[in-house]
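Scope of the values below: all heavy atoms of this structure, side chains included, with no hydrogens, waters or symmetry mates. Sequence lines set the chain letters: A, B, ... in the order given, protein chains first and strands last, and positions in each chain run from 1.
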Amino acid sequence: MNTAVETENLTKYFKGDGGKERIVAVDHVSLSIREGEFFGLLGPNGAGKTTLIKILCTLVIPDEGTARVAGFDVVKDAEKVRECIGWLHGETGGRALYWRLSARDNLKFYAYLQNIPKDVARRRIDALLEFFELDKDADRLVKDFSTGMKMRVMLARTLLSNAPILLMDEPTVGLDATGAIETRRLLQALCRELHKTIVFTTHNIFEAERLCDRIAVMNKGRVIAVDTPLRLSEITRKYMGVEVRFRGSAEEAVRILEGLRVVKRIISVESEEDHTVIRAEVRDEEQALSEIPKVFSLNGLRTIGVQVALPNLEEVFLSLTDEEK
Amino acid sequence: MNRLEVLKLFMVEEKRTKSSLRQLSAVVWSQLKMMLAYKSWLIMDLLSTFASVVMYYFVGMQVDPTRLSQSGWGTSYLAFSLVGVATSNYLWACLTRLSHSIQHEIRGGTLETIAVTPINMFIFFIGLTARGYLVSLIYLVGVFTVGVYGLGAKLSFTPQSLFLFITLFVLMLVSNQALGLVAAGIIMVYKRGDPLVFILAAVNEFLAGVLYPLELLKRFPAVQLLSMLFPYTYALDGMRRVLILGASILDLKVLTDIVVLGVFSIMLVPLGLKTLAWGYNRIRREGTTSSY
């Protein structure tokens, strides 16, 4: 599989207040993102995610190291890079549009800049406006749109060019729940079915966990871990544990588990819609996985599932960034 | 339209041909559309065009024709002021429009969205200036039409004078736009300086003698010397000689104006382009292509 995005020791400094201090925004980042991969950049504010994305889309010139997008150097072949990317900066909250143009005219304008043939542009604009439920407002000036509507115009603009690589900075910010779900599904489909490479940043850990093939966790400009969400969980887990899902009395289940030698301690008890989930630290995972359903069954509790408990991405993120501190 | 239908539209790779002309026309088209969105502003601007010409008509009644004649510009103050008033809008457009537009794009975050498309940024910057040029053209045509046909100002519009006027006018645009590029490059980086450019344009307009003959500055040699540093001074002098006095290319003063403007253009255009490129690369280095 080919590499879509590759960075090597990529570094960017910015001047701090007064211009005397030098702040490292991106610190020797080396990444390799495959074609067709859904790649997430996760990190706290100021971690360097946006700067990294801006370097990849040629908006910011790096100070050290190299970055290649679709095989082109972001500094030497910037124009070629721009032919292969779609970029969205969600944090602008819909500001980065021409407010005195209609939604349709905004899209038409960008289609021309992207050299998209007129008839193709027209078909795509109509389709995207309809998909993002903007067709009825397509000819209204953007200045009269809500933030969510502006965000949808920006998403449509990013997708319009049919670029093989999409660099998306907070693409679901400002969208309502339905809009965010639909957008996530569309991005997933673009990645899975049209083999587009998507590099995206988010603060929404749930979103990253659900969408990404791999995630790079960034902190203070550095990439501190890169892997699949599952592997990141495995790497960062600090104890052996199991997660039991069952129907029946939670108190009874806790009492049973506390009585088992293999169980060290109960970590959490959570009620879900029609069942309960108990996480417990154990001395031996395999023994716990076979023993617990049997004991539950003998005590009239119905086990729905039992599996090795891995930290969720939120715990992974906190664990990694805490280690950095 | 559901997700699958949208996906279908993206399954076919279309052939794209890069056309800088199409990109430029898209920028100009968008700028004009945005301008037309400010309807009341447009109407007010057109009305002010007519009002200003009428005002100079009445001012002309108060000016002693013999004093104007002693300065070598004929006896009609209306004709004299008309050439200055009609072209001074272009001076403002050349010097201030681009830097102002770029600042606007940076603050709105749209400069970044343009910069990630395959357009050459110089094409985009050229397109940004189009709006100012078009408004100034409307103003120029309006002022001449009202002045000449409405109020009877006598200007020489022969094929030869028009050719010379256009030559001087184009040189004026090139040299002043080059100064505008320098201003835009600097303002792009420092994000301030718009008022300075406005002051520069106002001083330039004043020193070039838009509303009075430069001969009056003889009493103030330092100011007169300063006025000679601006290309617009030569352009206005040449355009007036051609349109008011009917001077030909053989007129030494017109020829001098053309040569001086040519030298200004040759010197300033590379400087302007370099400063603009420097400014744009500098904001990419500093990560300040937007400032919301």
Check your understanding: To the nearest 0.5 Å, how far apart are OG1 in B/T117 and OH in A/Y110?
Key -> 8.0 Å
Check your understanding: chain B heavy atoms under 4.5 Å from A/S102: which part of the residue, side chain, backbone, both or neither?
Key -> neither
Practice item. Mark yes or no for whether A/R95, through its side chain, and B/G109, through its backbone, hold a donor-acceptor pair below 3.5 Å. Key: no
Revision key, fill the gap. When rounded to the nearest 0.5 Å, the distance separating CZ of B/R282 from CD1 of A/I61 is 11.5 Å
Check your understanding: Non-hydrogen atoms of chain A under 4.5 Å away: do they reach the side chain of B/S30, the backbone, both or neither?
Key -> both
Review point. Do B/I114 and A/L113 have side chains that get closer than 4.5 Å, going by heavy atoms?
Key: yes
Review point. So, are A/E79 and B/K18 salt-bridged, with charged N and O less than 4.0 Å apart?
Key: yes
Point to revise | Part of A/L97 within contact of chain B (heavy atom distance under 4.5 Å) | key: backbone
Practice item. Counting only heavy atoms closer than 4.5 Å, note whether A/L160 contacts chain B via side chain, backbone, both or neither. Key: backbone
Review point. Do B/E112 and A/W87 come within less than 4.5 Å of each other through their side chains, counting heavy atoms only?
Key: yes
Exercise for review: Counting only heavy atoms closer than 4.5 Å, note whether A/K80 contacts chain B via side chain, backbone, both or neither.
Suggested key: neither
**Study point:** B/E105-A/Y98 side chain donor-acceptor pair, cut-off 3.5 Å
**Key:** yes
Check your understanding: Measuring heavy-atom distances to chain B, does A/Q114 have an atom under 4.5 Å in its side chain, in its backbone, in both, or in neither?
Key -> both
Check your understanding: More than 12 heavy atoms of other residues, nucleotides or ligands under 6.0 Å from CE of B/M44: is that the case?
Key -> no
Review point. How many angstroms lie between atom CG of A/D105 and atom CH2 of B/W29, to the nearest 0.5 angstrom?
Key: 3.5 Å
Practice item. Against chain B, label A/R185 side chain, backbone, both or neither, depending on which of its atoms sit under 4.5 Å from a heavy atom there. Key: both
**Study point:** B/R285 side chain near A/P62 side chain, heavy-atom distance below 4.5 Å
**Key:** no
